[in-house]
Amino acid sequence: MKGSEVRAMIIGEGIRLWKVADALGITDNYLSRKLRYDFTDKEVEQIRAAIEKIKQAEKEEQA
């Protein structure tokens, strides 16, 4: 998957890039640089898992 598609996926979920980077244990600068290139299927799955984790945490905070 292209970096631009990954960025669109993250932003489409209404999540900030820095939150995904934090959930992945990397810096937001590194994630921004990484978004310039293609992602492996494994990396995409890790990002999807991070998105779900963030969404769940936000849902619990609102409850």
Output a table of donor-acceptor pairs, distance under 3.5 Å, between side-chain atoms of residues 56-63 and any protein atom two or more places apart or on a different chain; print 'none' if there are none.
| from | atom 1 | to | atom 2 | distance (Å) |
| --- | --- | --- | --- | --- |
| Gln56 | NE2 | Glu60 | OE2 | 3.3 |
| Glu58 | OE2 | Lys19 | NZ | 3.0 |

For residues 22-32, which side-chain donor-acceptor pairs fall under 3.5 Å, sequence neighbours excluded?
| from | atom 1 | to | atom 2 | distance (Å) |
| --- | --- | --- | --- | --- |
| Thr27 | OG1 | Tyr30 | N | 3.1 |
| Ser32 | OG | Asp28 | O | 3.1 |

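Arg7 is linked by a salt bridge (charged side-chain N to carboxylate O under 4.0 Å, His left out) to nothing, counting only residues two or more places apart in sequence or in another chain. Looking at residues two or more places apart in sequence or on another chain, you find a salt bridge (charged side-chain N to carboxylate O under 4.0 Å, His left out) between Lys55 and Glu13, Glu52.
Other members of a hydrophobic cluster containing Ile11 are absent, since no ILVMFWY side chain comes under 4.5 Å of it, directly or through relayed contacts. Other members of the cluster containing Tyr37 do not exist, because no ILVMFWY side chain is joined to it at under 4.5 Å.
Taken to the nearest 0.5 Å, the CD1 atom of Ile54 stands 10.5 Å off from the CD1 atom of Ile47.
Pairs engaging residues 38-47 under the salt bridge (charged side-chain N to carboxylate O under 4.0 Å, His left out) rule: Lys34-Glu43, Glu45-Arg48 [sequence neighbours left out].
The shortest side-chain heavy-atom distance between Ile10 and Arg16 does not fall under the 4.5 Å cut-off.
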